[in-house]
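Every chain is numbered from 1, with letters handed out A, B, ... down the list of sequences. Both backbone and side-chain heavy atoms feed into the values below; hydrogens, waters and symmetry mates do not. Keep in mind that this is a model prediction, so the values were computed, not measured.
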Amino acid sequence: MSFLSDLRWRGLVHQTTDDVGIEAWLEEQPRTVYAGFDPTADSLHVGSLLGLIVLRRFQQAGHKPIAVVGGATGMIGDPSGKSAERNLLSKDELERNVAGLGQQMRRFLDFDAGSCSAELVNNFDWVGPWSYLEFLRDVGKNFPVNVMLAKDSVKSRLGRGDEVQSDGMSYTEFSYMLLQAYDFVHLYEKFGCELQAGGSDQWGNITAGIDLGRRMRSVQLRGLTWPLLTKSDGTKMGKTESGAVWLSADRTSPYQFYQYWINVDDTDVGGCLRMLTELSREEIESLDVARENEAGKRESQRRLAEELTRLVHQAEGLAVAQKATEIFFGAEISDLNDEQLSQIFAEVPSKELPRLRLSRDGLTIIDALVEAGLAKSKGEARRTVGQGGAYVNNRRVEGIETQLTAEHLASETVMVLRSGKKKYALLRFV
RNA sequence: GGGGGGUUACCGAAGCGGUCAAACGGGGCAGACUGUAAAUCUGCUGGCUAUGCCUUCGCAGGUUCGAAUCCUGCACCCCCCA
């Protein structure tokens, strides 16, 4: 199967500028492809994961990927897919974000692979030096306003007459597409890059770049978009109640990241496996069958979570996430030290108590639950224990009279308390 | 300005002299079931040094052996007539 037909099979091709010729063009020789990333934060999130994965696939197929971080365009704000004017980022913030993004990309792309080594560039480097007048003469001259006005990203914001709502857009955002278009031309000149890939919302910007290439350099550039990653209920993939799912462990722990994928709906998981993992077609199709026969096993979700967590957080991150999962879902806690427990229970509230409280008869389970914040009052704690809902180190507490002593410590200083199925708290005895 | 009704626990809502820490529903918590889904079922749901004690039925007083329940005043809300 050709590289492109594999991409198509995976559902990663939404539109191309040349459905017929592009396949042969890609097979003919190694090509250079670029995709852009928005530096609106110092970390990438699941929304931009797809772009990295597409570039990664291109590289694996022998092509040269370029990741462009929009240090310049980020200062302007891409109007595509946005309903309101964007807040501008300060130059400092942008620099910090660009650096953070570059760090993360190294996990996806090989920057030391000879002729197909990945490149990471910041468009501020070539956009920054332009003077306004020069830019208008050399680049702006090539953009007919009527064509610009016809772009969806602009149309939707201008809201012609019958449109219900429109926030309008500033001249700044209107100019965004010129900058991105010029990026393409610049990358063509510097790296011989002839293909730009992007999410389907980037189509307008991509074609703007292609037009500009033809006008300025008489060259035929190409574009390819992937579909936006959405769930069957229409909402964006990678969003939780508490916000975006990030790729940086500081913002979204490997455990949370792993759990996000474990919880993907049956209806969405097949698409995710195709688009996001590097599992073979055979493997994915056998998972489809398994899902139909034994949905309860959730083999697909497990594989998805495993593949992505390993890709983003390495084998070590995956191991922590899996261990944490095992424990959060009831495995008895033993043979772990303070450090491992702290890592697994990083997001769980904890409280320090003097070690003295464990001496002699120890601490009653009732007091422990209240101290840990798992019960609002002793009465509530009694009820929980009485109903069999209290656990120490994931072992159910049988009697309301239970006294906790040093023997109940899970590690050097930590005791893991749990109320009900999932509410955990740590007590640290120091 | 005149007349009537109301204010109960996290929310809604019963209770109208003792058996009221207060029915019922929702919510919440826990258990069973289950696919880390949804639904369903069961139990619990003021606090405590706990066969008892303390606080709680708008607020403050009073009647009574005894008040969420009766009386007086106050506050707030709703309705009807001007």
Colleague: Round to the nearest Å and state the distance from A:Asp265 atom CG to B:A38 atom P.
Modeller: 10 Å

Colleague: Measure the distance from OH on A:Tyr255 to P on B:U36 and round it to the nearest whole Å.
Modeller: 12 Å

Colleague: Between A:Tyr34 and A:Phe184, how do the two ring planes meet: parallel, tilted or perpendicular, split at 30° and 60°?
Modeller: perpendicular

Colleague: Looking only at atom P, what distance separates B:U19 and B:G66, rounded to whole Å?
Modeller: 14 Å

Colleague: Rounded to whole angstrom, note down the P distance from B:G5 over to B:C71.
Modeller: 12 Å

Colleague: Taking the side chain as every heavy atom from C-beta outward, state whether A:Val416 and A:Val392 have any pair of such atoms under 4.5 Å apart.
Modeller: no

Colleague: Between P on B:U36 and CZ on A:Phe257, what's the gap in Å once rounded to a whole number?
Modeller: 21 Å

Colleague: Between A:Gln59 (side chain only) and A:Cys116 (backbone N and O only), is there a donor and an acceptor less than 3.5 Å apart?
Modeller: yes

Colleague: Does B:A75 have a Watson-Crick or wobble mate here (both distances under 3.5 Å), and if so which one?
Modeller: B:U7

Colleague: Against A:Arg281, only a single residue in A:Glu283, A:Glu285, A:Glu278 fulfils salt bridge (Lys or Arg N to Asp or Glu O under 4.0 Å); can you say which?
Modeller: A:Glu285

Colleague: Whole angstrom is fine here: how far is it from CD in A:Gln387 over to C1' in B:G31?
Modeller: 7 Å

Colleague: Distance between the C1' atoms of B:G52 and B:A21, in whole angstroms?
Modeller: 15 Å

Colleague: How are the rings of A:Tyr424 and A:Phe328 set relative to one another: parallel (under 30°), tilted (30 to 60°) or perpendicular (over 60°)?
Modeller: perpendicular

Colleague: Between A:Leu369 (CG) and B:C44 (P), how many Å, whole number?
Modeller: 20 Å

Colleague: Take atom P in B:G2 and the same atom in B:G73, then report the distance between them in whole Å.
Modeller: 14 Å

Colleague: Start with the C-alpha distance between A:Gln202 and A:Asn205, add both sets of side-chain angles, then the distance that settles side-chain hydrogen bond (donor to acceptor under 3.5 Å, both in side chains), and finish with yes or no.
Modeller: CA-CA 5 Å; A:Gln202 292 299 309; A:Asn205 291 330; 3.1 Å; yes

Colleague: Look at the side chain of A:Gln259 and the base of B:U36, then say whether one donor and one acceptor between them are separated by less than 3.5 Å.
Modeller: yes

Colleague: Atom CD of A:Gln301 to atom C1' of B:A37: distance rounded to whole Å?
Modeller: 10 Å

Colleague: Which whole number of Å gives the distance between the P atom of B:U55 and that of B:A68?
Modeller: 12 Å

Colleague: A:Arg298 has a side chain; which of B:A30, B:U36, B:U34 sits nearest to it?
Modeller: B:U36

Colleague: Taking a pair as Watson-Crick or G-U wobble with both distances under 3.5 Å, which nucleotide is matched to B:A32?
Modeller: B:U40

Colleague: Rounding to the closest angstrom, what is the interatomic distance between B:U69 and B:C20 at atom P?
Modeller: 16 Å

Colleague: Given B:A32, B:A30, B:U36, which nucleotide is nearest the side-chain atoms of A:Ser419?
Modeller: B:A30

Colleague: Between CG of A:Leu52 and CZ of A:Arg107, what distance do you get to the nearest 0.5 Å?
Modeller: 10.5 Å

Colleague: Is the shortest side-chain N/O distance from A:Tyr391 to OP1 or OP2 of B:A30 below 4.0 Å?
Modeller: no

Colleague: Pick base, sugar-phosphate or nothing for A:Arg302, based on heavy-atom distances below 4.0 Å to the nucleic acid.
Modeller: nothing

Colleague: Using heavy atoms to find the nearest nucleotide of RNA chain B for A:Arg418 and A:Gly296 separately, return the residue whose nucleotide is more 5′.
Modeller: A:Arg418

Colleague: Return the value, rounded to whole Å, for the distance between atom OH of A:Tyr424 and atom P of B:U36.
Modeller: 14 Å

Colleague: In terms of ring plane angle, is the pair A:Phe174 and A:Tyr171 parallel, tilted or perpendicular, where the classes change at 30° and 60°?
Modeller: tilted

Colleague: Look through every strand shown and name the nucleotide pairing with B:U45 as Watson-Crick or G-U wobble, where both distances are under 3.5 Å.
Modeller: B:G27

Colleague: If you measure from the P atom in B:C54 to the same atom in B:U49, how many Å do you get, rounded?
Modeller: 16 Å

Colleague: Counting primed atoms plus P, OP1 and OP2 as sugar-phosphate and everything else as base, spell out the protein contacts along nucleotides 46-52 of chain B at 4.0 Å heavy-atom distance: B, S or - for each nucleotide, 5' to 3'.
Modeller: -SSSB--

Colleague: With rounding to whole Å, what would you report as the distance between B:G47 and B:A22 at their C1' atoms?
Modeller: 16 Å

Colleague: Which of these nucleotides, B:U36, B:C29, B:C33, is closest to any side-chain atom of A:Lys423?
Modeller: B:C29

Colleague: In terms of side-chain heavy atoms, does A:Gln256 have a donor or acceptor partner in A:Tyr260 at a distance below 3.5 Å?
Modeller: no

Colleague: Taking atom P of B:U36 as reference, at what distance in whole Å does atom CG of A:Leu304 sit?
Modeller: 17 Å

